[in-house]
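Everything below concerns the one structure shown next.
When reading the values below, keep in mind they use all heavy atoms of this one structure, side chains included, and skip hydrogens, waters and symmetry mates. If you're wondering where the values come from, they're calculated on a predicted model, not measured in any experiment.
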Amino acid sequence: MPCLEISLPKIDIGTKEKLTHALTKVFAESTKFGAEIFGIRYHEYEAGQSASGGVVWDGRSGRPYLHMLLYIPRINRAMKQMLVEKFSTSFVETVGKENWIPVIHICEHSYDNVGVEGKLLSDQYDACAKSKFYYDVDDAE
C-alpha cells in the first residue's frame, strides 16, 4: 500500500506529529486513497551524519540532506507534479525552515509487486486484481 519514507535531521515529536498529519492529509486528499492505508517512516539523523554537495551538514548552517521516497501504485504525471509540490510545501511550512526542501523520489509499482498479510495485493483484494497497472485518480481541483 502507499507509504512514505523520510530522511531528515532529528525533529521534536510535536513537529513530527504535525508533519505526519499534514503529509497524510495531502496524500489522501490528492489521491483519494484512504488516509488509513498511508504509512510514514522517519529516518532521523544527528548533525555530522549526512552530507549534501560534498559538505557534511554541521547542524547550524547549510542545507541538510532531506529525502522522501514515496512507494505508490503507478499514477499519472499531473498527480506526481501535484504530490511533489504539496509534499514540499507542507514539509517547509511544518518544519519552519524555508531552505529545507526535500528531494522526492516516486517509486511506482503494480499491485502484483506488493505483499500484504502474506499475499500479493492482486490476490488479496478483488478490486486490485481487476485493476490495471495505472491507478487512475481524478484530477484534484
Evaluate the side-chain proximity of [Y] to [X]: yes if any heavy-atom separation is below 4.5 Å, no if none is.
X: P64; Y: L8; answer: no
X: L4; Y: L23; answer: yes
X: V114; Y: Y71; answer: no

Sequence neighbours left out, what passes side chain to side chain donor-acceptor pair (under 3.5 Å) with [X]? Give chain and number order.
X: E85; result: none
X: E17; result: none
X: K80; result: E108
X: K16; result: E44

For residues 116-124, tabulate all N or O donor-acceptor pairs below 3.5 Å that involve a side-chain atom, not counting sequence neighbours.
from : atom 1 : to   : atom 2 : distance (Å)
E117 : OE1    : Q124 : NE2    : 2.8
S122 : OG     : D112 : OD1    : 2.3

Inter- and intrachain pairs under side-chain hydrogen bond (donor to acceptor under 3.5 Å, both in side chains), touching residues 94-105, at least two apart: H67-H105
Residues clustered with V92, ILVMFWY side-chain links under 4.5 angstrom: I101
Listed partners of E46 passing salt bridge (charged side-chain N to carboxylate O under 4.0 Å, His left out), at least two apart: K10
For [X] against [Y], the heavy-atom pair lying closest together:
X: L83; Y: S30; result: CD2-CB, 3.8 Å
X: T24; Y: A35; result: CG2-CB, 3.7 Å
X: V84; Y: S88; result: O-OG, 2.8 Å
X: I40; Y: I6; result: CG2-CD1, 3.9 Å

Where at least one partner belongs to residues 54-63, residue pairs that pass salt bridge (charged side-chain N to carboxylate O under 4.0 Å, His left out), sequence neighbours excluded: D58-R60
Contacts of S52 that satisfy side-chain contact (heavy atoms from CB on, under 4.5 Å) - sequence neighbours left out: Y65
Qualifying residues under side-chain contact (heavy atoms from CB on, under 4.5 Å), relative to A47, sequence neighbours excluded: W57
Pairwise ring pair (Phe, Tyr, Trp, His ring centres under 6.0 Å) hits with a residue in residues 1-32, at least two apart: F27-F33, F27-F38
From CG (L70) to SG (C3), nearest 0.5 Å: 7.5 Å
Atom pair NZ/CG of K18 and D12 - distance to nearest 0.5 Å: 8.0 Å
Are [X] and [Y] in one and the same hydrophobic cluster, where Ile, Leu, Val, Met, Phe, Trp and Tyr link if side-chain heavy atoms are under 4.5 Å apart?
X: I104; Y: Y42; result: yes
X: V26; Y: I37; result: yes
X: L69; Y: F87; result: no

